[in-house]
Asker: 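Here it is, the structure, as structure tokens.
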2 protein chains.
Amino acid sequence: MTGRPTLTVSTDDPTPPYEQLRRQLSDLIEYGVLGPGERLPPLRQLASDLGLAVGTVARAYRELEVAGLIISRRGGGTRVAVNPRRASEEVLHERAAIFVRDARLLGADDEEIKSAVTRALGR
Amino acid sequence: MTGRPTLTVSTDDPTPPYEQLRRQLSDLIEYGVLGPGERLPPLRQLASDLGLAVGTVARAYRELEVAGLIISRRGGGTRVAVNPRRASEEVLHERAAIFVRDARLLGADDEEIKSAVTRALGR
DNA sequence: CAAGTTGTCTCAAGTAATTGACACAAAGGC
DNA sequence: GCCTTTGTGTCAATTACTTGAGACAACTTG
């Protein structure tokens, strides 16, 4: 499976396009599908492929750059950061937040959530 | 775990609040946490709990009603539909769409996707 | 060095979502 | 029957997002 990742944007999804893009690229980097130094499509190409304005794609890239996942340079294109800081704490905290949100959605209180984790830890 | 589900809306998430709400309620119904006939919070209460305008919560409810998941009646409140049509085809197609989207994001082409499913089927 | 590529920035216009307030209609509770 | 609750609808104002175009700066390629 050597094909390049296919990014998509759905107009049915009320999530703003720049955010849909940001999430997909963030996932690709987190899972290592896009490795350090790997090149991302040029703004204009990705924009035309997805039917978006350049500024919209630029916003997704900008937010990923602020997060330290990619690096953009004029004329040099955009590449995955050498060491996209994400493997450790950031992802852990994000996952913890998602877990707590989901648990609360299910109706669990703080005690139940903590004890469920303790149990999953195997005591 | 008898607590009531805790719905949340994040202002950090660019996803519009009405959509965040719609997804959470849809999930709760799909997973059966909210059973048929069960009452949802009144518009004004949920709106004030989440710091939203009544119209925003109303939009989430309206979309869920159009989808056949809940039923709203003036003065009677809003309840989970007797038979929220969702268990069968709709969920299946949604999951298939998500799988295909994820697979393409990973760089798989149509053939690879189909053969991966065949393989997962145990031949 | 010259030309092309690519990211950055600005701008005005249009669309979508949210808010807060209000009025109204239908159902439930006493 | 009356009052309260609750969903529905409208409205104007505000904010966020997107678009399309254009200009510019920095890097790459030949």
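All chains are named by letter (A, B, ...) in the order of the sequence lines, taking the proteins before the strands, and each is independently numbered beginning at 1. No experiment lies behind these values; they were computed from the predicted model shown.
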Asker: Between Arg79(B) (CZ) and dA27(C) (P), how many Å, whole number?
Answerer: 14 Å

Asker: What is the distance, rounded to the nearest whole Å, between atom CG of Leu46(A) and atom C1' of dT6(C)?
Answerer: 13 Å

Asker: Using a 4.5 Å cut-off on heavy atoms from C-beta on, say whether the side chain of Leu105(A) contacts that of Leu28(B).
Answerer: yes

Asker: For dC17(D) and Arg59(A) - does any side-chain N or O of the residue sit under 4.0 Å from the phosphate oxygens OP1/OP2?
Answerer: yes

Asker: Would you tell me if any nitrogen or oxygen in the side chain of Tyr61(B) comes within less than 4.0 Å of OP1 or OP2 on dG7(D)?
Answerer: no

Asker: Starting from P on dT5(D), measure out to CD on Gln45(B) and report it in whole angstrom.
Answerer: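 These atoms are roughly 12 Å apart.
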
Asker: Which of the following nucleotides, dT8(C), dT19(C), dC27(D), is nearest to the side chain of Arg74(A)?
Answerer: dT8(C)

Asker: dT19(D), dA26(D), dT8(D): which one has an atom nearest the side-chain heavy atoms of Val54(B)?
Answerer: dT8(D)

Asker: OP1, OP2 of dT19(C) versus side-chain N and O of Thr56(B): anything below 4.0 Å?
Answerer: yes

Asker: Look at the side-chain N and O atoms of Arg39(A) and state whether any lies under 4.0 Å from the OP1 or OP2 oxygen of dT6(C).
Answerer: yes

Asker: Could you check how far CZ of Arg73(B) sits from P of dT5(D), rounded to whole Å?
Answerer: 18 Å

Asker: Looking at Tyr18(A), I'd like to know whether one of its side-chain N or O atoms comes within less than 4.0 Å of OP1 or OP2 on dC17(D).
Answerer: yes

Asker: Nearest-nucleotide wise, let me know which of Gly76(B) and Thr15(B) is further upstream toward the 5' end of DNA chain C.
Answerer: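 It is Thr15(B) whose nearest nucleotide is closer to the 5' end.
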
Asker: From the options dT18(C), dT8(D), dA23(D), select the nucleotide whose nearest atom is closest to the side chain of Arg44(B).
Answerer: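 Within the option list, the nearest is dT8(D).
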
Asker: From dT18(D), dT19(C), dT8(C), pick the nucleotide closest to the side chain of Glu65(A)?
Answerer: dT8(C)

Asker: Looking for any heavy atom pair under 4.0 Å, which part of the strands does Pro17(B) touch: base, sugar-phosphate only, or nothing?
Answerer: sugar-phosphate

Asker: Starting at CD of Glu19(B) and ending at P of dC17(D), how long is that distance when rounded to a whole Å?
Answerer: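 It is 16 Å, rounded to the nearest whole Å.
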
Asker: Could you state the interatomic distance from CG (Leu64(A)) to OG (Ser72(A)), rounded to the nearest 0.5 Å?
Answerer: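 Interatomic distance, Leu64(A) CG to Ser72(A) OG, rounded to 0.5 Å: 9.0 Å.
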
Asker: Do the charged groups of Asp102(B) and Arg23(A) touch, with an N to O distance under 4.0 Å?
Answerer: no

Asker: Quick one, Leu25(B) and Leu34(B) - any side-chain contact, counting heavy atoms below 4.5 Å?
Answerer: yes

Asker: Passes side-chain contact (heavy atoms from CB on, under 4.5 Å), Glu63(A) versus Arg59(A)? Steps please.
Answerer: CA-CA 6 Å; Glu63(A) 300 210 354; Arg59(A) 173 157 185 188; 3.2 Å; yes

Asker: So which one's nearest nucleotide on DNA chain D is more toward 5', Pro14(B) or Leu43(B)?
Answerer: Leu43(B)

Asker: What nucleotide among dT8(D), dT18(C), dT19(D) has an atom nearest to a side-chain atom of Leu52(A)?
Answerer: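 When the side chain of Leu52(A) is considered, dT19(D) is the closest of dT8(D), dT18(C), dT19(D).
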
Asker: Nearest whole Å is fine: how far is dT18(D) C1' from Glu63(A) CD?
Answerer: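 For the pair Glu63(A) CD and dT18(D) C1', the rounded distance is 14 Å.
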
Asker: In terms of side-chain heavy atoms of Ser72(B), which of dT18(C), dT8(D), dG7(C) is nearest?
Answerer: dT8(D)

Asker: How many whole angstroms separate atom CG of Leu40(B) from atom P of dT6(D)?
Answerer: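 Rounded to whole Å, this separation is 13 Å.
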
Asker: Between P on dT6(D) and CD1 on Ile70(B), what's the gap in Å once rounded to a whole number?
Answerer: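 Atom-to-atom, Ile70(B) to dT6(D), this comes out as 15 Å.
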
Asker: Taking atom CD of Gln24(B) and atom CD1 of Ile29(B), what is their separation to the nearest 0.5 Å?
Answerer: 12.0 Å

